[in-house]
Amino acid sequence: MSYLESLNESQFDAVTAPLGPVRVLAGAGSGKTRVLVSRIAWLLNTEQCRAHSILAVTFTNKAAFEMKVRLQDLIQTSLKGLWMGTFHSLCHRLLRMHWQEAKLPQNFQILDSDDQTRLCRRIIREAGVDEKTIQPRELANYISGHKEEGRRAHHLEFYDQHEAQLIELYKLYQTACETAGLVDFSEILLRSLELLRDNSAILEHYQERFQFILVDEFQDTNSVQYAWLKLLARKHERLFVVGDDDQSIYGWRGAKIENILNFDRDFPETTTVRLEQNYRSTQAILSAANAVIAKNSERLPKKLWTDNESDQLLVGYRATDGYDEARFVVETIQDLLKKEEGVRKSDIAILYRSNAQSRLFEEFLMRKQIPYRVYGGLRFFDRAEIKDILSYFRLIVNPKDDVSIERAMTTPPKGIGQATINRIREFATTHGASLWDSANMMLESQALPTRTHNVLLSFVTQINEMKALTENDLALPDLFSEIIERSQLKPHYKKEPLGRGEDRIDNLNELITAAEYFTNGEKVELAFIEEEIDPLSLPLYEQLEAFLGQTSLNSSENQAEIDEDSVQLMTLHASKGLEFPYVFMVGLEDGLFPSDNSLSERRIEEERRLAYVGITRAEKKLFLTSAESRMIYGKTLYLPVSRFVRDIPPELVELEGPGIRVTPTSVNSNSNHAFNTPRTDGIEGFNLGDLVEHPKFGEGVIQNFEGSGPSTRVVINFSNGGRKVLVLSFAKLTKLD
DNA sequence: AAAGACAATTTTTTT
DNA sequence: AATTGTCTTT
């Protein structure tokens, strides 16, 4: 077993750990995936367990795919029967296979977050609640938040009127989902947990089957996911979890870092293995990462080290503004590509806190004609035009889908407006029927005004005819293009200004290509069947069902991209698990990263972990950039260098460019370490981010300090929207808390 | 009912 | 700044 020989000591210990509960604390770049894959290979080779008995959970679909490939490289036996995927895809499969026990209709569809928010808006309006007291997104977050903790509406108690309303709306929302046959993301998990919990036969079957359960990125599991794992693993307790508490960055999505911190409490027999040798980064990068993460209190002790030598320092650059920052980054990239031997564009990554920040870099890269690829952001299946056409498809598969029908009825405009929809909805509520059934009943009763009757009739006919198409002997892509034509969406988009419509039409065509890829491509794993299957062997209608099932959970990395060698742009979150020789972390300013919200809500530890993730992506060289001024929401802000950068020992960082810059707004100069431009430690009792009150301007938050001594000035953003630079000693500021 | 002008608001992160 | 929703007009 040659793959065991190339492991270091702790990796070997992890791979060959006893079969009971195992927790592997894997620092960044310590060979985590390798251990996980080797463990599975080891199980298959030595324990003679079949792939059939293994359940492996990954964080993304992409990770699952890559892991399968790597695994297949290590072993000779077949992987048939192995369950590997994300929590969502595995739970989705369970629900498809046991839809009756899960009390779902066979053709249930998945509601993505956008659909969920739309549905929430509708529920709020319908309940006669003011959208300003409860915003759709607030309700959606409330519902998801509770579902992630395993709480249904009837579990909840209220302490005030507002929450009472939320609970009421949660109930209404759930009823709406049930009648429409819709399941949101967190519902997939919760429903699946309840399925196992309430059906002992099913539970025992899977407990018996999955003797070995392995989980990647365990630090990012939420309560329901952990409960699901515990339930499945209860019998054999052969639960092998891998993770790094320092890289837990999805707390906002319900992830519980406690899951990994307290794993040994839930499973007293736990063997814990620490992987502390880093194979990825230079010592300088690692030292920087350690310095940043050391400030966190809630973490398991561990010390990353490396044999790699530290030949290069980190590079810091303080730009004047966002443009200057982008210029610096892109010019540096040009230099790298030109001067350094064998540097490929895909060796270079630009990492930022939020998607919106990619724009400037894209602009400059385009100008210099450097190919790039942006990950994340608006995904293909999230695009409006794709959702528009998919609403027709979904309606064909599940006429009860009230979310899709409304979209299909109104896009493109076909004479059915708000008034008509309200009418149908009213009918639907009183009769407890779906919108589709209601529309049909109303047509039959002839109770509608002629004009309304006619437009509604032609809509219903249109959908029925589309549905009839699925009974023909068509290929899936042909069905797609036929329905796209009939939907009249193309002429509708054509009317949009600025060639935007052209893009949309391109995307529709792209969808046809996706259908071709789906049918001609590899065999696919279908949610409702255990084996891989050739989609073409299915009847057309089921092909469509299968396609929809695949897209809803696979929306991110599905699209075939141009294989061109390109610079990689992504958010820090999206970079987790990846590595690049050259990494640019940009927008490193307090207020951007860490973001304003996390500063006020004390979520700073998670932001710090995010910084740690970013830093540890770099193999050879790490560039840290920030800008003195930046446009945010159309306003120019002057933000200080990120506290995370300031946590890095100055001797690790080499400064490029002018370093300290003397500008009209910044005459700061108390040391030649350019990163200390603004001081953040208290000045006369005031700190960055403090909430203060000014007798004339009211309340505001301290953004920056400028200058020193008696002329020290303070930059404040007031809550009335104004921004002022005041001389600290004159401004009569009171600190609020 | 649909198109256009206007105002408001922002997710930071994603299965 | 730019998108999204709301209000107004046709």
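- Nearest-nucleotide positions on DNA chain B place A/G415 closer to the 5' end than the other of A/E607 and A/G415.
- Summarising the geometry, the separation between NE2 on A/H573 and C1' on B/dT15 is reported as 13 Å, rounded to the nearest angstrom.
- Of the listed nucleotides (B/dA2, B/dA1, B/dT15), B/dT15 has the atom at the smallest distance from the side chain of A/H88.
- For the OP1/OP2 pair of B/dT13 and a distance below 4.0 Å, the side-chain nitrogens and oxygens of A/N355 include at least one atom meeting the criterion.
- Applying the ring-ring contact (aromatic ring centres under 6.0 Å, His included) rule to pairs touching residues 109-149 of chain A yields A/Y142-A/H146, sequence neighbours excluded.
- Every residue two or more places apart in sequence or in another chain was checked for a side chain to side chain donor-acceptor pair (under 3.5 Å) with A/Q462, and none qualifies.
- For the residue pair A/E589 and A/S642, no side-chain donor N or O sits within less than 3.5 Å of a side-chain acceptor on the partner.
- B/dT12 atom P lies 16 Å from atom OH of A/Y250, rounded to whole Å.
- Taking side-chain N and O atoms only, A/S595 has no distance below 4.0 Å to OP1 or OP2 of B/dT13.
- Regarding A/I249, its CD1 atom lies at a distance of 11 Å from the P atom of B/dT15, rounded to whole Å.
- Between A/L111 atom CG and B/dT14 atom C1' there is a gap of 15 Å when expressed in whole angstrom units.
- The side chain of A/W252 has B/dT14 as its nearest neighbour among B/dT14, B/dT12, B/dA2.
- Residues passing the side-chain contact (heavy atoms from CB on, under 4.5 Å) test with A/R253 are A/F59, A/Y250, sequence neighbours excluded.
- When rounded to the nearest whole Å, the span between CG of A/L351 and C1' of B/dT13 equals 13 Å.
- No side-chain donor from either of A/E385 and A/H492 sits under 3.5 Å from a side-chain acceptor of the other.
- Taking A/D388 as the reference, A/R407, A/T411, A/L489, A/Y493 meet the side-chain contact (heavy atoms from CB on, under 4.5 Å) condition, with sequence neighbours excluded.
- Take A/S358 and apply the side-chain contact (heavy atoms from CB on, under 4.5 Å) test, not counting sequence neighbours, and it matches A/Y352, A/E362, A/V374, A/L569.
- The separation between A/Q225 atom CD and B/dT14 atom P is 16 Å, rounded to whole Å.
- Partners of A/P491 by side-chain contact (heavy atoms from CB on, under 4.5 Å), not counting sequence neighbours, listed by chain and number: A/Q488.
- Remark: A/F427 engages A/H431 in a ring-ring contact (aromatic ring centres under 6.0 Å, His included) (not counting sequence neighbours).
- Comparing A/T410 and A/F185 by the nucleotide of DNA chain B that holds the closest heavy atom to each, the one mapping nearer the 5' end is A/T410.
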Measure all distances between protein nitrogen or oxygen atoms and nitrogen or oxygen atoms of nucleotides 7-11 of chain B, and list the pairs falling under 3.5 Å.
| unit_1 | atom_1 | unit_2 | atom_2 | d |
| --- | --- | --- | --- | --- |
| B/dT11 | OP2 | A/R137 | NH1 | 3.3 |

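- Between the P atom of B/dA1 and the NZ atom of A/K414 lies a distance of 13 Å, rounded to the nearest Å.
- Here the P atom of nucleotide B/dT14 and the CZ atom of A/F59 are 9 Å apart, to the nearest Å.
- You won't find any donor-acceptor pair under 3.5 Å spanning the side chain of A/S186 and the base of B/dT15, going by distance alone.
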Table of protein N/O atoms under 3.5 Å from nucleotides 6-10 of chain C N/O atoms:
| unit_1 | atom_1 | unit_2 | atom_2 | d |
| --- | --- | --- | --- | --- |
| C/dT6 | OP2 | A/R125 | NH2 | 3.2 |

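- Comparing B/dA3, B/dA1, C/dA2 by their closest approach to the side chain of A/T420 singles out B/dA1.
- For the residue pair A/T86 and A/S89, a side-chain donor N or O sits within less than 3.5 Å of a side-chain acceptor on the partner.
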